[in-house]
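Report on the structure given below.
Quick note on labels: first sequence line is chain A, next is B, and so on, each numbered from 1. The analysis underlying the following values was restricted to heavy atoms, covering all of them including side chains, and did not include hydrogens, waters or symmetry mates.
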2 protein chains.
Amino acid sequence: MTDDRVFKALADPTRRFLLDLLFTRDGRTLTELESELEMSRFGVMKHLRVLEDANLVVTRRSGREKLHFLNPIPIREIHDRWIDKYTEHHTTALLELKAELEDES
Amino acid sequence: MTDDRVFKALADPTRRFLLDLLFTRDGRTLTELESELEMSRFGVMKHLRVLEDANLVVTRRSGREKLHFLNPIPIREIHDRWIDKYTEHHTTALLELKAELEDES
DNA sequence: ACGATAGGTGACCAAAAGGTCACATGTCAA
DNA sequence: TTGACATGTGACCTTTTGGTCACCTATCGT
């Protein structure tokens with residue numbers, strides 16, 4: 001599966017936090033992102049590499065700095081894959097599920 | 001984070017396949033799901049447990065059988081959390097990202 | 001009652017993932 | 001041109017995860 005890297009990348013809370021950081025303001029460098037985390041530079045670098053391989057983050061070199069930008073497209077694709085399918089299914093399983101959930105609460 | 005289990009549950013391809021199976025037709029038993037996978041019953045059971053802990057699957061006992069139902073609500077919540085944020089951000093970062101991506105292709 | 005069937009638990013092992021460090025390259029600025 | 005800075009790589013360790021198995025409980029049909 002090609003989206004396997006996207007799901008694996010989203011599975012780690014540190015990486016989701018990095019995406020949140022880049023959401024508020026992207027174009028940040030590794031050192032700037034590192035300063036927001038209680039982790040060594042190498043740990044942050046590994047996480048950014050995973051995000052980049054999943055295409056959730058795109059980068060651009062600027063001199064000795066590497067700028068990181070958020071790429072929401074893979075998340076959109078997840079949305080299109082799962083949610084649309086589920087909403088199409090709305091009439092069959094979801095109604096049964098509602099009953100299930102209401103029993104629990 | 002409360003959604004950590006959801007992301008971790010979605011990270012495994014076998015579990016995503018189980019969700020796909022339950023999407024096409026839910027209310028299936030463990031043994032029925034096991035027959036669709038090249039894996040022991042115990043492996044499938046562990047995966048279903050992870051999905052159930054993440055609330056992506058809800059279950060109901062019926063005699064000696066346990067029926068499994070798909071619950072799309074956590075995926076909707078992911079959608080609401082990420083995609084809406086990104087679309088709000090559409091005017092700032094996304095336009096820069098488009099330029100980035102077009103450079104690469 | 002009893003064999004077959006459906007599901008559950010705990011120990012256990014191998015593989016993958018998270019994290020750090022020593023070291024190394026390239027770039028800026030005085 | 002030299003020292004400080006920004007990033008990169010590979011080895012290495014620890015923890016988590018994926019998977020199997022021996023064994024167990026509960027339920028169905030006859």
Revision key, fill the gap. Only residue of A:V44, A:V50, A:L37, A:L19 satisfying side-chain contact (heavy atoms from CB on, under 4.5 Å) with A:T14 is A:L37
Check your understanding: Any Lys/Arg nitrogen of B:R60 or B:E65 sitting under 4.0 Å from an Asp/Glu carboxylate oxygen of the other?
Key -> no
Check your understanding: Does the base of C:dG18 carry an N or O that pairs as donor and acceptor with the side chain of A:R15 under 3.5 Å?
Key -> no
Study note, to complete from the structure: From CZ of B:F7 across to C1' of D:dT16 the rounded distance in Å is 19 Å
Point to revise | Residue whose closest nucleotide on DNA chain C lies nearer the 5' end, A:G63 versus A:M39 | key: A:M39
Point to revise | Integer-rounded Å distance: D:dT7 P and A:K46 NZ | key: 18 Å
**Study point:** Donor/acceptor link under 3.5 angstrom from B:R41 side chain onto base of D:dG19
**Key:** no
Practice item. Can you spot which of B:V58, B:L22, B:L51, B:T29 makes a side-chain contact (heavy atoms from CB on, under 4.5 Å) with B:H68? Key: B:L22
Revision key, fill the gap. In whole angstroms, the gap separating C1' of C:dG7 from CG of B:L67 amounts to 12 Å
Check your understanding: Is there a donor on the side chain of B:R64 or the base of C:dT5 sitting less than 3.5 Å from an acceptor on the other?
Key -> yes
Check your understanding: C:dG18 P sits how many Å from A:D53 CG, rounded?
Key -> 13 Å
Practice item. Map B:T31 and A:T14 onto DNA chain C by nearest heavy atom, then report which one ends up closer to the 5' terminus. Key: B:T31
Review point. Which of the following nucleotides, C:dG7, D:dT7, C:dA17, is nearest to the side chain of A:K8?
Key: C:dA17
Practice item. Rounded off to whole Å, could you give me the CZ-to-P distance for the B:F17 and D:dG18 pair? Key: 17 Å
Review point. In whole angstroms, how far is the P atom of C:dA16 from the CG atom of A:D12?
Key: 18 Å
Practice item. Measure from NE2 on A:H47 to P on D:dT7 and round the result to the nearest Å. Key: 17 Å
Point to revise | Phosphate-side-chain proximity, A:S40 and C:dG19, N/O vs OP1/OP2 below 4.0 Å | key: no
Practice item. Report yes if a side-chain nitrogen or oxygen of B:K66 is closer than 4.0 Å to either non-bridging phosphate oxygen (OP1 or OP2) of C:dG8; otherwise report no. Key: yes
**Study point:** Integer-rounded Å distance: C:dG19 P and A:E38 CD
**Key:** 12 Å
Exercise for review: Keeping the roles fixed (side chain from B:R28, backbone from B:R25), state whether a donor-acceptor pair exists under 3.5 Å.
Suggested key: yes
Exercise for review: Flag the pair B:N55 / B:I73 as yes when at least one side-chain heavy-atom distance between them is below 4.5 Å, and no otherwise.
Suggested key: no
